[in-house]
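Taking it in order: structure first as structure tokens, then the write-up.
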Amino acid sequence: MEQGLHKNITRIYLMGFFQNAMIVTAVFVPLMQRYGLSMSEVLQAQAWFALVIALCEVPSGYLADCWGRKKTIQLGTLICLMAFLWLINADSFADFVAYEVLMALGISLNSGADLALLYDSQSWLNRNGKANFHGDNSRHITRLVSIESIAGGIAALLASVLTLWSLDWVLWAQAFISLFAVWFALQLVEVPRALPPQSHRESVSQIKSALVNNPVIWWTALAIVAFSLSALFAFWLYQKYWELQGIPLHWFGYLWACHCLLRAVAARYACDIEQYLGPQKVLILIALLPIIGFIGMGLLGGWLGLVFGLALPLSRGLSLVVFYDALNNRLAADFRATMNSLVSLGTRGLFIVSGPALGLLVDYHGVQTSLLVLAAVFLPVFALVLIKLLNHIRQQQPAVQNDQCLPAGHQVDYEI
């Protein structure tokens, strides 16, 4: 069993790599525009994605907690493969909506379950108080975010090469790569649970109690939602912004690779940066970087605007590690996947309304004006969330000092 759980961690890393080797990401907006879709329609399709995520995110997370992380992940990777196969023949708005629906189903099944299985596997291996060679859970999320970001960078470089021939080559390559994610998902093993599963009412009660009784969990979750939403908006504006700067399509992959690699570096050193700067300064840095990026891209063009845009992936890499580690360290294993899914639900739920509205803003007022509007909206949001989070962290008794990222709490013991 222990050997299988050791391999679990490596397999989750590899599965995460191939799941996030999204070749289509670097050229997805031009791909949809090739079939006559406007930016408003592009973001309407994404709103469908967000709607399905919103409907399925929490049930899928709860399914992972009850049915098992392994089975849920395996089903999710298979559905994602089906989505990529569908995309090969997509040529209309309805086809792209169908693709987004399938992807949303697959991603919602994986969302939270992979991280929960990673944490559970490490906790089981450490149950006797001796950490194995993989290290502690806080380092896992650092590695996972870095690996996923590197995968995105490599995929983006591959996209630039393939677009020299045809966008269709990108679609076939994406379907082929997704087969590897399925392969590693099928090799996962479930972490044993000696205790009987709780009733549905008990599980819901524990989740509600965690949110109500621990304000740090609540405000950390809100911080993840706010920063994830800003990153999602930025992603859908990047390619249109690059297009307006006169950058050729085959350079999009190289630019997106730079973003992915910067995010990977920021994630890799997030804990070290937090320990060096301290909790307050690192949270201020995480908040200022996207605002600087939005304003710089909105006011400037050309290569200088592209440089300011690099502030966003730096913030993203830091925020993913700091906030998700803080959240998962405070959660019990039995509803960890459900809580991670609730956070994703918050992001996607807000995008259902705000995504199409942003698309209309871009169509009628342009990308650069839209970027300035995003800066004006998110500046007070970030300030409110982080001020509240820091205040509650100060009020809580300091956690035992270790090498975990802030604002980490005590590690939850795995129940055998």
Side-chain angles (χ1 to χ4, degrees), residues 9 12-13 16-17 19-20 110-112 114-119 121-123 131 134-153 216-217 219-232 234-235 259-290 293 310-331 336-337 339-340 343-344 346-347 382 385-386 389-390 393 399 401-412:
I9 295 173
I12 291 172
Y13 285 159
F17 178 90
Q19 279 184 315
N20 288 271
N110 286 334
S111 176
D114 53 355
L115 186 57
L117 183 58
L118 185 62
Y119 266 64
S121 298
Q122 183 66 66
S123 297
H134 284 295
D136 60 73
N137 276 328
S138 64
R139 295 297 175 182
H140 282 315
I141 191 168
T142 297
R143 293 174 191 143
L144 189 60
V145 173
S146 297
I147 288 169
E148 291 175 349
S149 299
I150 290 170
V216 174
I217 290 180
W219 286 104
T220 301
L222 288 180
I224 294 173
V225 171
F227 284 96
S228 296
L229 189 62
S230 69
L232 194 58
F235 169 75
H259 281 245
C260 292
L261 293 176
L262 276 175
R263 187 169 70 242
V265 171
R268 168 63 181 83
Y269 294 103
C271 292
D272 298 325
I273 293 171
E274 186 279 324
Q275 289 176 359
Y276 177 75
L277 294 178
Q280 182 171 336
K281 289 182 180 179
V282 78
L283 294 182
I284 292 173
L285 178 64
I286 289 172
L288 286 179
L289 283 172
L310 298 177
L312 290 148
L314 288 174
S315 174
R316 184 62 173 159
L318 290 171
S319 65
L320 281 172
V321 173
V322 172
F323 291 132
Y324 267 105
D325 184 62
L327 182 67
N328 281 275
N329 273 325
R330 285 182 160 85
L331 300 177
R336 184 174 285 140
M339 186 67 79
N340 283 319
V343 172
S344 182
T347 304
F382 290 165
V385 170
L386 294 187
L389 178 57
L390 283 168
I393 290 172
Q401 295 298 315
N402 52 30
D403 63 346
Q404 294 176 347
C405 296
L406 187 116
H410 298 288
Q411 180 65 38
V412 177

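Bear in mind the structure is a predicted one, so any value in this text is a computation, not a measurement.
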Measure the shortest side-chain to side-chain distance between Cys260 and Arg263 over non-hydrogen atoms and say whether it is less than 4.5 angstrom.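 Result yes, sub-4.5 Å side-chain heavy-atom pair found.
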
Requested in this report: Find out whether Leu386 and Ile284 are in side-chain contact, i.e. whether some heavy atom of one side chain is under 4.5 Å from a heavy atom of the other.
Outcome: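 Side-chain contact under 4.5 Å: no.
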
Search all heavy atoms of [X] against all heavy atoms of [Y] and return the closest pair with its distance.
X	Y	value
Ser319	Phe227	OG-CB, 4.4 Å
Arg316	Ser228	NH1-OG, 3.1 Å
Leu289	Leu314	CD1-CB, 4.0 Å
Val282	Ile273	CG2-CG2, 4.2 Å
Ser230	Phe382	OG-CZ, 3.6 Å
Leu318	Ile286	CB-CG1, 3.8 Å

Exercise. Side chain of Ser315, backbone of Leu312: donor and acceptor closer than 3.5 Å?
Worked result: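 Looks like no, no N/O pair under 3.5 Å.
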
Item to complete: Can you establish whether the number of heavy atoms outside Phe235 located under 6.0 Å from its atom CZ is more than 12?
Response: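 More than 12 heavy atoms, drawn from other residues, nucleotides or ligands, come within 6.0 Å of this atom.
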
Quick one: [atom1] on [X] to [atom2] on [Y], what's the gap to the nearest 0.5 Å?
X	Y	atom1	atom2	answer
Ile224	Leu229	CD1	CG	13.5 Å
Leu310	Leu261	CG	CG	11.0 Å
Leu283	Leu389	CG	CG	6.0 Å
Ile150	Phe17	CD1	CZ	8.0 Å

